[in-house]
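Chain naming here is simple, since letters A, B, ... match the order of the sequence lines and numbering starts at 1 in each. Note that this is a predicted model, so its numbers are computed, not measured.
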There are 2 protein chains.
Amino acid sequence: MRLRDENKETLIREQAIALIVQEGFDGLSMQKLAKAANLSASTIYIYFKSREDLLNQVYIAVDEIFAKEVLKNFDPAMSFEEGLWQQWKNRYKYVQKYPLHYHFSEQFRNSPLIKHQDIKESPFRVAMQQFTKNAIQRKEIVDLPPEILWALAYGPFYILIKFHLDQSSMGGKPFSLSEQKMKQAFGLVVKALKA
Amino acid sequence: MRLRDENKETLIREQAIALIVQEGFDGLSMQKLAKAANLSASTIYIYFKSREDLLNQVYIAVDEIFAKEVLKNFDPAMSFEEGLWQQWKNRYKYVQKYPLHYHFSEQFRNSPLIKHQDIKESPFRVAMQQFTKNAIQRKEIVDLPPEILWALAYGPFYILIKFHLDQSSMGGKPFSLSEQKMKQAFGLVVKALKA
DNA sequence: AAGATAAACGAATGTTCGTTCTTTTAAAAA
DNA sequence: TTTTTAAAAGAACGAACATTCGTTTATCTT
């Protein structure tokens, strides 16, 4: 018998991401996707039950990679300043390495398709909670409700990313947010949160 | 002759926003929109040239209201702390008053449909630039590249808004981010930016 | 009240959608 | 090599899509 091609599943997923980023969610039709992946539309249904299933699997795969990349060289036991900086660097590298994934996530996050539940207790979230809990216990930073801490620690970072990404997608291509600029913003965040 | 109903144009726009927020961009079909607005689909084409034109006009109308609301009681000559707090309050009230508009914008912002150009020189942007320029000249805040200043001034605010909005859309309905919590986050932002 | 005009409609256009069915093809098992 | 099995393809389905067209209807002008 003929074997299921493992790469083909990934190929379909990646092409779906590319199409969605290029043309939005309406742009992802099964026939367009088939053409982009050099397949018959019906072949997609061997690997995915339906369009909805495909979207879900894409979302899951993207999230998995994100969680993996963002935990590199990170330990919840790190000092707050070191650990948060590592997070900023990891997220920055993630955006650079998987720009399409990032754009896809940004679109998916605000779409009504998303199932807001069940994402609560990922090992990723657990690590993050432990990290901030440690920092507060050690009195490295002020004691704050988690969402305020989170808002200050990452809000400026993501606006910075979005700004530079929009900037580069408008004019010439290369995305460059200098590490110096990131450090500057990071310094201000630390200043705000320091106990 | 029969007169064009001015309210009908607004009605169509508002129903379009509601549909998009509920079901995403694919959810906005002309026939569904017609049914939601109690119209024949062809009637929509009296007021809008095409689906694309409709989306553009919706975007423009939403943006206009936003700019109007957010400039209330605001003057670029204000002190930084007073002016930025007024901005936070205005934006908070905007989200409360037009929650659908906010959700629509969040979806539209990350969609490939948006035309990134030509939004540069709105009177709104001009006021904001003057405001931060004043604050730096008066040495109220540290001298920073505009995008870093912007990232710190608004990043935490919008993450806070998103968090509480998601929270309320999941469980029971009412959206409540207490002014006390906003003040707490605001205090940290000011601490970070103070010269 | 009569006529004019544009708003409003329902029906129909051709296209594209997601999905399924039947057939062909290729590779693993015999 | 032959048989078997599932992957892959292609044609086909009804449904829904954006848009247009010819007719009807309401309201203004006269």
Side-chain angles (χ1 to χ4, degrees), chain A residues 1-62 104 107-108 111-115, chain B residues 1-62 104 107-108 111-115:
Chain A
M1 70 158 181
R2 211 157 155 187
L3 276 189
R4 213 179 169 104
D5 188 344
E6 196 60 33
N7 298 338
K8 202 161 287 186
E9 204 171 313
T10 311
L11 169 69
I12 294 173
R13 264 193 271 107
E14 291 299 320
Q15 293 286 355
I17 291 172
L19 261 174
I20 288 170
V21 168
Q22 274 174 41
E23 313 188 28
F25 274 104
D26 349 13
L28 181 76
S29 82
M30 301 306 263
Q31 355 241 1
K32 275 198 228 170
L33 175 54
K35 189 153 283 182
N38 258 39
L39 292 170
S40 170
S42 50
T43 302
I44 300 173
Y45 286 84
I46 297 171
Y47 296 90
F48 303 92
K49 284 210 307 280
S50 64
R51 192 186 117 108
E52 198 190 341
D53 177 49
L54 168 63
L55 281 172
N56 273 332
Q57 299 220 181
V58 167
Y59 174 73
I60 290 169
V62 165
F104 168 81
Q107 278 194 243
F108 207 78
S111 110
L113 304 170
I114 202 173
K115 309 171 200 295
Chain B
M1 70 162 181
R2 211 158 154 188
L3 276 190
R4 217 179 166 100
D5 187 345
E6 197 60 34
N7 298 339
K8 202 161 284 183
E9 205 172 313
T10 310
L11 169 70
I12 294 173
R13 266 194 269 106
E14 291 300 321
Q15 293 287 353
I17 292 172
L19 262 173
I20 288 171
V21 168
Q22 273 174 40
E23 312 187 29
F25 275 103
D26 348 14
L28 181 77
S29 82
M30 301 306 263
Q31 357 240 1
K32 275 199 228 168
L33 174 55
K35 189 155 284 179
N38 258 38
L39 293 170
S40 171
S42 48
T43 301
I44 300 173
Y45 286 84
I46 297 172
Y47 296 90
F48 304 93
K49 282 209 310 278
S50 64
R51 192 187 117 110
E52 199 190 338
D53 177 49
L54 169 63
L55 282 172
N56 274 332
Q57 299 219 183
V58 167
Y59 174 72
I60 289 170
V62 165
F104 168 80
Q107 278 193 244
F108 207 79
S111 109
L113 305 171
I114 201 174
K115 309 172 199 295

May I ask you to verify if any side-chain N or O of A:K32 is less than 4.0 angstrom from the OP1 or OP2 atom of C:dT16?
no
Nearest-Å distance, CZ (A:R4) to C1' (C:dA26)?
17 Å
Using a cut-off of 4.0 Å on non-hydrogen atoms, how would the nucleic acid contact of A:K49 be classed: base, sugar-phosphate, or nothing?
nothing
At under 4.0 Å between heavy atoms, what does B:L28 touch on the DNA or RNA strands: base, sugar-phosphate, or nothing?
sugar-phosphate
Whole-Å distance separating the CE atom of A:M30 from the P atom of D:dA9
14 Å
Atom CZ of B:F48 to atom C1' of C:dA7: distance rounded to whole Å?
15 Å
What about A:F25 and A:F108, are their ring centers closer than 6.0 Å?
yes
Taking N and O atoms by type only, does the side chain of A:T43 place a donor or acceptor under 3.5 Å from a partner on the base of D:dA7?
no
Can you check whether A:L28's main-chain N or O pairs, donor with acceptor, with A:R51's side chain at less than 3.5 Å?
yes
Check this for me: does the side-chain of B:Q31 come within 3.5 Å of the base of D:dA18 through a donor and an acceptor?
yes
Supply the atom-to-atom distance A:Y45 OH to A:M30 CE, rounded to the nearest 0.5 angstrom.
3.5 Å
Atom pair distance, as rounded to whole Å: CZ in B:F25 and C1' in D:dC17
17 Å
Donor-acceptor contact below 3.5 Å, side chain A:R4 vs main chain A:E9:
no
Base C:dG10 paired with B:S42 side chain (donor-acceptor, <3.5 Å):
yes
Grab the CG-P distance between B:L33 and C:dC9 for me, whole Å please.
13 Å
Calculate the interatomic distance between B:L19 atom CG and D:dA18 atom P; express it in whole Å.
11 Å
Output the single nucleotide from D:dG10, D:dA18, D:dT19 whose closest atom is nearest the side chain of B:A41.
D:dT19
Measure the CD1-CZ distance between A:I17 and A:F104 for me, rounded to the nearest 0.5 Å.
6.0 Å
Rounded to the nearest Å, what distance is computed from the OH atom of residue A:Y45 to the P atom of nucleotide D:dA11?
18 Å
Sorted by position of nearest nucleotide on DNA chain C, 5' first, the leading residue of A:S29 and B:N38 is B:N38
Would you mind classifying the nucleic acid contact of B:Y47 as base, sugar-phosphate or nothing, using non-hydrogen atoms under 4.0 angstrom?
sugar-phosphate
In whole angstrom, what separates B:D26's CG from D:dA15's C1'?
16 Å
Taking C:dT19, D:dA8, D:dT19 as options, the one with an atom nearest any side-chain atom of A:I46 is D:dA8
